[in-house]
Amino acid sequence: MAGGVIATDSGSNQDFPGKLTGQVLICTTIAAFGGLMFGYDVGISGGVTGMDEFLMKFFPNVYIRKHHAHENNYCKFADEYLQLFTSSLYLAAIIASCAASIMCKKFGRKPTMQAASVFFLVGAILNVTASKLSMLILGRLFLGAGVGCGNQAVPLFITEIAPPKYRGGLNVCFQLLITIGILIANLVNYLTSNIKHYGWRISLGGAAVPAIFLLIGSFIIVETPASLVERGKKERGLKTLKRIRGVDDVQKEFEEIVRATEISNQIKNPFRELLKRPSIPPVICGTIIHVFQQFTGINVVMFYAPVLFQTMGFGSNASLLSAVITGTVNSLSTVIAIFSVDKAGRRKLLIFGASVCLIAQCAIGGLLKAYLTETSKVPGGTAKLVVGLICLYVNGFAWSWGPLGWLISSEVYPLETRSGGFFLAVGTNMFCTFLIAQSFLSMLCTMQAYIYFFFAAWLVTMIIFVAAMLPETKGISIDEMVERVWKKHWFWKRFYNSTDIERPKASIQLEQQDKPNQ
Ligand code: BGC
């Protein structure tokens, strides 16, 4: 998962002094290993679940079905436990991200990242040494706890540490790192698939590498000024801000951090706040965007691409290589988003991206319906065309719904409901990812080629929703979100009347003494 809560207003404060210092770059690079860890785990499971030795050891029934000459192509991999191997991670991540949002607030971003790397390390060790299925699943649950902690703390850390004018770009960079993690996983799977007996162990154990980097690195990085202020350590927060900006003139930015923190501290129960009438429009838009992001079907490709390619009749190696190709397209296309997101506008990119995905899904569904029967393989040329179409589909996703899902859900909320709203977004995303991971192989077996039209129907729905209901948020600052976006929208304006919005005011007072940690 990418994106994050932008702790202060990113829209109106482009002119704070301070540059992209070495400190910021080192801290961001270290934290970025959190994105890589997540991406690695997204990308690794599909390749591993296609490896014969792995299947023989943990899923012998799937192994027999895969090699059975008369087995239905679409049902070779349909197995609840195999799906659970992939999906369990997301179940654990939902719970962990809830605990991590509290931990982030109470203890800071740095310890939460340390916890993430420890969970990742334990998960990777359990997976590398797994002798039975229960150990494998337990390892995935630990990895999920790491994902939950990392995905709450890392984006928050990166956006808080970055100078305001670089926040939008760095937000999308986190998504880029996830895609690089997925690509590395695809490559590792490709290389280890020929190592007899323990290739899959190397693949799963690879998750430990970014975890070790993050663990060691998290002792080097600074805590963010926003987190220090939030926990009553204003003096240290100011000192840290001067250090990371490389200038002494940081008063304006610091006051903005104090203001943002005071507003969010005045909200005792952010979730109750989300139930109030004026919160309904951002809650609906910020949450549904994640349901839609997952129902583009992207994780079918990210998790199960090698399995899908084997379903079409590709050999193991060709399938893993094809996954490397789609992974490369994913990373490269995400770079486009970094440059276009603040120019083209969110709505245009979402509609155009979904249209590209729609065309690709319909074409893939049509080709498989025509050429892939229950028992015969797809002819070579057509199979290559399908790989090309999957690349087109991934490309359409990577510069639209991928990064924008996260960006939009972090910017539609006014400051006072932003952290609660973002938590809702992360939870929804994880839950829908779990649903897709847990049900896709069974759905493929039942619906066969029609599964692609199922996702196409979702894509049509999301194009209509964006066109009719989603307001444009490009270039709008947090303070103006309600007045300029929601109150002006043809439909959502009915949720507001002039007395509705009494936004909390914060007094800016710098204290000489740090308060004790709360
Ligand atoms: C999604 C992930 C997905 C990734 C693919 C992210 O935006 O949230 O579920 O695996 O993009 O690049």
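As the structure is a prediction and not an experimental result, all values here were calculated from the model. Below, each value reflects all heavy atoms present in this structure, side chains not excepted, and no hydrogens, waters or symmetry copies. Counting convention: from 1, in listed order, for ligands and their atoms alike.
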Cationic N near anionic O, under 4.0 Å, Arg109 to Glu230: yes
Arg346: partners by salt bridge (Lys or Arg N to Asp or Glu O under 4.0 Å), with sequence neighbours left out: Asp342, Glu411
Part of Trp401 with heavy atoms under 4.0 Å of ligand 1, whether side chain, backbone, both or neither: neither
Proximity to ligand 1 by part of Thr334, non-hydrogen separation under 4.0 Å: neither
Geometric class of the Tyr90/Phe303 ring pair [parallel <30°, tilted 30-60°, perpendicular >60°]: tilted
Aromatic ring pairing Trp492/Trp486, orientation class (parallel under 30°, perpendicular over 60°, tilted between): perpendicular
Geometric N/O contact Thr433 with ligand 1, under 3.5 angstrom: no
Nitrogen or oxygen atoms of Thr179 and ligand 1 under 3.5 Å apart: no
Which atoms of ligand 1 have any heavy atom of [X] under 4.0 Å away?
| X | value |
| --- | --- |
| Gly402 | 7 (O) |
| Asn330 | 5 (C), 12 (O) |
| Val42 | 10 (O) |

Step-by-step ring pair (Phe, Tyr, Trp, His ring centres under 6.0 Å) determination, Tyr393 to Phe397: CA-CA 6 Å; Tyr393 163 81; Phe397 174 88; 7.1 Å; no
Centroid-centroid distance, Phe120 to Phe142, less than 6.0 Å: no
Check: Phe422 ring centre within less than 6.0 Å of Tyr413 ring centre: no
Is [X] close enough to touch ligand 1? Criterion: a residue heavy atom under 4.0 Å from a ligand atom.
| X | answer |
| --- | --- |
| Phe397 | yes |
| Asn429 | yes |
| Gln294 | yes |

